[in-house]
Number of protein chains: 2
Amino acid sequence: MPRQQGASPSSTKAATLHDVARVAGVSLITASRALTKPSLVSDTTIERVQAAVQATGYIPNLLAGSLKSSRSRLIAGLVPALSVAQFLPTLQALTDVLDAAGYQLMLGQMRYDNSRQDALLNAMISRRVDGIVVTGLIGSEAVRRQVGQLGIPVVETWDLPENPTDMVVGFSHTAVGRAVAAYLVGKGYGRIGLATGDDHRAQLRRQGLLAGLGREVPTATVPAPSSLALGRRALGELLQQDPALRAVACSADQLAQGVVVEALARGLRVPEDLAVCGFGNADFSAHTVPTLTTVRVDGAAIGRRAGEMILARCRGETVPDRIVDVGFAIAQRESA
Amino acid sequence: MPRQQGASPSSTKAATLHDVARVAGVSLITASRALTKPSLVSDTTIERVQAAVQATGYIPNLLAGSLKSSRSRLIAGLVPALSVAQFLPTLQALTDVLDAAGYQLMLGQMRYDNSRQDALLNAMISRRVDGIVVTGLIGSEAVRRQVGQLGIPVVETWDLPENPTDMVVGFSHTAVGRAVAAYLVGKGYGRIGLATGDDHRAQLRRQGLLAGLGREVPTATVPAPSSLALGRRALGELLQQDPALRAVACSADQLAQGVVVEALARGLRVPEDLAVCGFGNADFSAHTVPTLTTVRVDGAAIGRRAGEMILARCRGETVPDRIVDVGFAIAQRESA
DNA sequence: CTGTTAGCGCATTCAT
DNA sequence: ATGAATGCGCTAACAG
């Protein structure tokens with residue numbers, strides 16, 4: 001018995017707070033307070049209002065409440081693309097933190113494109129989001145100014161810029177690059193190559209790696225999002241540049257996995273003939289053969305922390321640490 | 001020079017449409033129409049209004065517009081969890097389709113928990129979402145009734161129930177199970193095992209597989225989300241149940257990858273000693289060694305189609321095909 | 001093509 | 001502890 005398409009609600013129109021108040025025999029505002037600020041209302045009226053809510057099937061209209069109070073309880077969550085596995089734990093943790101506080105996340109995909117970032121931010125601001133969490137940085141100077149003027153709290157994540165738009169939760173990518181360089185050199189690998197994505201942060205890690213090594217290295221650059229297939233291709237390119245390559249640093253575990261697969265397919269042993277280091281500590285990295293040496297980053301912690309900072313600012317609190325470094329750690333495993 | 005935290009906008013309050021109208025020298029409603037229904041307004045006034053928008057830095061308040069028009073241009077997108085890689089292409093395509101039409105996606109994680117599903121739906125309805133897209137089915141009978149009464153369009157996806165809440169875009173999981181059974185039997189594999197997730201859809205595929213085979217099979221059930229590690233564990237369990245196992249059907253490519261890794265680690269050749277079939281055609285499946293035989297499903301098409309159906313209903317159109325079967329195909333590769 | 005009027009449903013401000 | 005009035009910013013419905 002399919003319901004009538006596009007029809008208005010089957011019977012009468014939806015109940016409003018007005019109806020609840022009438023049924024409960026109290027004024028509009030008392031009903032409102034009973035539901036949102038129970039401490040200001042007597043227990044008996046709370047009960048009567050709640051009974052009226054049940055009776056009427058009342059569902060509050062947050063649009064109206066938001067308009068009046070100028071607080072939408074909506075947070076914008078911006079990612080380059082949902083397919084970037086890297087950011088999923090962050091988004092997941094963020095959504096959970098917000099949900100627990102009665103906030104919802106509006107999702108936006110920026111597509112590594114500044115003009116789209118502009119349009120998206122405008123759409124979010126039009127909805128009067130109470131805060132913005134962006135994975136990566138806000139690239140558009142115009143947008144930075146705009147959110148600054150409007151006083152919208154912003155948390156940039158997964159990076160650690162010197163001049164954040166507002167707040168930031170992340171870590172130093174150049175430090176990661178240096179750490180990986182030091183690790184590989186410490187293991188005695190001389191001929192090192194790099195398989196890297198083309199995004200901003202991967203390039204920072206590249207710079208750190210080169211600085212740590214003190215020289216250029218063979219490099220294969222692949223487009224986002226990183227994948228096993230791209231890793232295989234990258235190793236092919238790197239071996240053309242240096243057939244005697246002994247180690248490959250990768251900008252993502254997906255790439256590292258591909259490099260390993262390609263190496264094994266070419267009859268190279270990992271790590272005896274070729275060492276491989278990834279980045280991100282993906283869920284599979286501890287369980288491949290060989291297990292993947294990688295850089296561990298707590299993406300969920302980034303999301304949680306970002307959510308808490310945004311919520312604190314939404315409550316009007318001052319956040320003492322506007323720049324939070326969650327750090328990273330090299331996870332030593334078999335592949336390097 | 002950090003901006004003042006929690007401060008109100010740096011200077012005066014934000015411009016409203018009222019200000020725009022005043023600056024442009026037209027009435028409020030004309031300014032509104034110039035921005036949202038330009039066809040009803042003369043070109044010269046459009047220009048003047050747009051100039052006024054620039055001059056005032058006006059950003060529309062969709063909260064107010066939505067309240068008045070009862071159309072929020074907000075769509076709820078519900079997934080069990082963001083970590084279920086399966087659904088990402090669907091969400092990504094859905095977000096793109098909605099964005100192009102000026103709609104935004106509000107993300108919700110249901111956590112395989114009916115009570116949370118209830119609470120989440122309520123939060124979404126409170127915000128007067130214009131539609132709901134859920135990956136999987138709406139489990140709560142109360143919620144189904146509620147959205148039905150409110151006349152909110154709903155698209156359930158990735159399944160093909162006989163009685164959808166409203167609309168559905170998916171495919172038959174029992175048919176997938178039968179197809180996989182037929183494929184493996186056709187290849188001559190006798191002793192077949194199953195590594196499967198514990199979610200509803202995976203169980204439907206299991207039923208199809210068993211029906212196709214006409215008998216029970218050794219089964220290892222793992223919790224969501226599927227991963228390489230769980231696949232390795234599952235193969236261990238299956239080999240305990242039947243050391244002479246010749247083939248394993250998996251409910252996800254992540255599991256299949258783990259089964260392959262574990263098989264190789266135990267000195268089994270794939271597919272000579274053990275054939276493996278996955279599900280979902282993940283991005284890596286065509287590039288592993290050996291490449292993974294799997295079931296191809298067009299997740300992006302599901303998201304696109306779902307978005308189009310929701311948007312059509314938001315425009316008041318009648319959707320002729322309320323039940324859309326996007327089908328599936330077995331991708332024959334090396335592992336089986 | 002343009003304008004006037006009248007709210008959408010709720011929360012803030014003041015009163016009692 | 002409760003209530004009356006007011007308006008958040010915008011758009012639908014009618015005029016002209």
Side-chain angles (χ1 to χ4, degrees), chain A residues 8-9 12-49 52-53 56-74 102 125-130 150 316, chain B residues 8-9 12-49 52-53 56-74 102 125-130 150 316:
Chain A
S8 51
T12 61
K13 41 183 47 177
T16 73
L17 194 53
H18 191 88
D19 302 318
V20 173
R22 194 170 33 70
V23 170
V26 297
S27 78
L28 186 64
I29 183 59
T30 301
S32 171
R33 284 199 275 248
L35 296 176
T36 58
K37 295 169 182 171
S39 61
L40 299 180
V41 178
S42 76
D43 290 352
T44 56
T45 47
I46 288 180
E47 281 175 27
R48 289 171 60 194
V49 169
V53 168
T56 54
Y58 170 69
I59 300 176
N61 186 333
L62 267 154
L63 254 31
S66 299
L67 175 60
K68 181 63 189 173
S69 64
S70 309
R71 290 173 56 255
S72 64
R73 291 171 174 275
L74 233 36
I125 293 172
S126 288
R127 295 184 183 283
R128 296 302 187 262
V129 291
D130 288 341
L150 293 170
Chain B
S8 51
T12 62
K13 42 183 44 178
T16 72
L17 194 53
H18 191 89
D19 302 318
V20 173
R22 193 169 34 70
V23 170
V26 297
S27 76
L28 188 63
I29 185 63
T30 301
S32 170
R33 283 199 275 249
L35 296 177
T36 58
K37 295 169 181 170
S39 60
L40 299 180
V41 178
S42 77
D43 289 352
T44 56
T45 47
I46 287 179
E47 280 173 30
R48 288 172 58 193
V49 169
V53 167
T56 55
Y58 170 70
I59 300 177
N61 186 333
L62 256 88
L63 252 32
S66 300
L67 176 60
K68 180 64 189 173
S69 65
S70 310
R71 288 173 58 254
S72 65
R73 293 174 174 274
L74 232 36
I125 293 173
S126 288
R127 295 184 182 283
R128 297 301 187 262
V129 291
D130 288 341
L150 294 170

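Lettering follows sequence order; numbering is per chain, from 1.
Heavy-atom minimum distance, R127(A) versus R73(B): NH2-O, 2.7 Å. Looking at every heavy atom in both residues, L17(A) comes nearest to Y58(A) through N-CE1, 3.3 Å.
Looking at residues 18-32 of chain B, you'll see L28(B), I29(B), S32(B) sit with a heavy atom under 4.0 Å from some atom of DNA chain D. Less than 4.0 Å separates DNA chain D from at least one heavy atom of each of the following residues of residues 58-69 of chain A: L67(A), K68(A). For the segment residues 39-49 of chain A, the set of residues with a heavy atom within less than 4.0 Å of an atom of DNA chain C is empty.
Expressed to the nearest 0.5 Å, how far CG of L67(A) lies from OG of S72(A) amounts to 11.0 Å. A distance of 9.0 Å separates CG of L62(A) from CG of L74(A), quoted to the nearest 0.5 Å.
S70(B) is linked by a side-chain contact (heavy atoms from CB on, under 4.5 Å) to nothing, counting only residues two or more places apart in sequence or in another chain.
With contacts defined as side-chain heavy-atom distances shorter than 4.5 Å, the pair V41(B)/V49(B) does not qualify. Counting heavy atoms from C-beta outward, L35(B) and P60(B) have side chains that stay 4.5 Å or more apart.
Each of R33(B) and R128(B) was matched to the nucleotide of DNA chain C holding its nearest heavy atom; the match closer to the 5' end belongs to R33(B).
Between L35(A) atom CG and dC10(C) atom P there is a gap of 9 Å when expressed in whole angstrom units.
Put simply, chain A comes within 4.0 Å of DNA chain D, heavy atom to any atom, from dA1(D) to dG9(D), going 5' to 3'.
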Report all side-chain donor-acceptor pairs from residues 22-29 of chain B shorter than 3.5 Å, counting only partners two or more places apart or in another chain.
| from | atom 1 | to | atom 2 | distance (Å) |
| --- | --- | --- | --- | --- |
| R22(B) | NH2 | D19(B) | OD1 | 3.1 |
| S27(B) | OG | T30(B) | N | 3.4 |
| S27(B) | OG | T30(B) | OG1 | 3.0 |

side-chain contact (heavy atoms from CB on, under 4.5 Å) assessment of R128(A) paired with I59(B): CA-CA 10 Å; R128(A) 296 302 187 262; I59(B) 300 177; 3.8 Å; yes

